[in-house]
Student: 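I have a structure I would like to understand better, so I am pasting it below and will then ask my questions one at a time.
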Amino acid sequence: MALHSPASAMFRPQIELLHYGSESVSHVHGSHHQWVVGLEGALELEMAGHAYRNAAGRAVCIPAGFSHCYAGGTGNRQLVLNLPALGEPSPRQLDLPPAARELVLWAARHPLPDTSQPALAGLLLQWLAPSGFVLAPRLDRFLQTRLARPLAVVDMASACRLSPSHFHARLKAETGLSPMAYLTRMRMERAHWLLQSLHASVLDVALQVGYQSASAFSAAYRQHYGYPPGQGRARVRRS
């Protein structure tokens, strides 16, 4: 099964479960790096003059711009992690430690929505490339306890130890969102969860996610979800 390169490096990390056919395919993806992690069976790859056999528990790094050939054995399954083409990794293969194997198997059993994939990608990358720097998980940890506070781009950039301009570019490349859009999405997701608890008023929820008035929060919530906070609460009650 051939992989299709994203049209641009400006995309969020993507996680796929793939089965590769037995026909040999030559391929290159210029706009993103890729880690291929073996789940079942085996995948044969050739890249930069080296042959790799990616069986269960092994992982191969395919950097952007590296031509590679591959063919899958019977019943093979691979978890594929597509990452923005940031940095210059080298082709390599490694054996996953037991904890990383458990995380990969969990990811294979629990497909996540697109909005949750960057965080999982960051966890996987910590095992695959400890020196790799994925912003979204680090930023999420910083924001989770600060959503009620006023936050600016410079605050988020400082937490990630980057200049504001570099931070903006890196986050946009990873997630497709500007820093403030990313913050708004996280605030709305937290607000949605709080509303489902059925205990807090709309104003209380607004204050907990950084809005100073119920009206400003309601407008932002409606723009994000397409319906007002009260309607969202009613949907939960009916369900």
Side-chain angles (χ1 to χ4, degrees), residues 9-15 32-33 35 81-89 99-100 102-104 106-107 110-197 199-200 202-214 216-221 223-225 229 232:
M10 305 294 283
F11 73 105
R12 297 164 58 81
Q14 300 167 351
I15 298 172
H32 67 287
H33 304 315
W35 276 96
L81 175 59
N82 297 309
L83 297 166
L86 303 170
E88 298 181 359
E102 291 181 9
L103 178 60
V104 168
W106 182 91
H110 301 85
L112 295 177
D114 291 347
T115 55
S116 300
Q117 289 195 5
L120 177 58
L123 291 174
L124 291 172
L125 199 60
Q126 288 178 23
W127 290 106
L128 298 169
S131 62
F133 184 21
V134 178
L135 278 182
R138 184 176 300 193
L139 181 59
D140 286 354
R141 288 192 293 270
F142 171 75
L143 294 177
Q144 281 170 357
T145 59
R146 295 171 174 84
L147 291 180
R149 308 178 190 177
L151 289 167
V153 174
V154 67
D155 301 317
M156 294 183 277
S158 178
C160 294
R161 300 180 183 177
L162 294 172
S163 69
S165 59
H166 192 190
F167 169 72
H168 187 287
R170 288 286 300 270
L171 188 66
K172 185 75 172 179
E174 280 189 24
T175 69
L177 297 174
S178 69
M180 297 313 293
Y182 190 92
L183 173 61
T184 297
R185 186 185 71 186
M186 195 165 184
R187 281 175 163 158
M188 292 300 103
E189 290 176 350
R190 173 71 63 80
H192 187 69
W193 181 85
L194 289 170
L195 287 167
Q196 287 182 353
S197 72
H199 301 306
V202 171
L203 178 58
D204 287 337
V205 171
L207 295 174
Q208 289 186 58
V209 296
Y211 289 85
Q212 299 305 306
S213 71
F217 164 70
S218 295
Y221 190 94
Q223 183 176 10
H224 187 81
Y225 285 109

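Numbering of residues begins at 1 and proceeds along the displayed sequence. All heavy atoms count here, side chains included; hydrogens, waters and symmetry mates do not. Because the structure is a prediction, the values reported are computed rather than measured.
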Student: State, to 0.1 Å, how close Ala206 and Ser213 come at their nearest heavy-atom pair, and which atoms those are.
Tutor: CB-O, 3.9 Å

Student: Kindly indicate whether the side chain of Met156, heavy atoms from C-beta on, has any atom under 4.5 Å from the side chain of His168.
Tutor: no

Student: For Phe167, give me all partners under ring-ring contact (aromatic ring centres under 6.0 Å, His included), at least two apart in sequence or on another chain.
Tutor: none

Student: Given Phe217, which partner from the list Arg187, Gln212, Met188 fulfils the side-chain contact (heavy atoms from CB on, under 4.5 Å) test?
Tutor: Met188

Student: Write down the atom of His33, the atom of Pro84, and the distance for their closest heavy-atom approach.
Tutor: CD2-O, 3.6 Å

Student: Val209 and Ala191: which non-hydrogen atoms are nearest, and at how many Å?
Tutor: CG1-N, 3.9 Å

Student: Which pair of heavy atoms, one from Leu207 and one from Ala148, lies closest together, and at what distance?
Tutor: O-CB, 3.6 Å

Student: Is any side-chain heavy atom of Tyr182 less than 4.5 Å from a side-chain heavy atom of Asp140?
Tutor: yes

Student: Minimum heavy-atom separation for Asp155 to Pro150, with atom names?
Tutor: OD2-O, 4.3 Å

Student: Would you check if Val153 and Leu183 make a side-chain contact, meaning some heavy-atom pair closer than 4.5 Å?
Tutor: no

Student: Does the side chain of Leu177 reach to within under 4.5 Å of the side chain of Leu171, using non-hydrogen atoms?
Tutor: no

Student: Is the closest side-chain heavy-atom distance between Leu124 and Ile15 below 4.5 Å?
Tutor: yes

Student: Considering all heavy atoms of both residues, which atom of Leu83 and which atom of His32 are nearest to each other, and what is their separation?
Tutor: O-CB, 3.1 Å

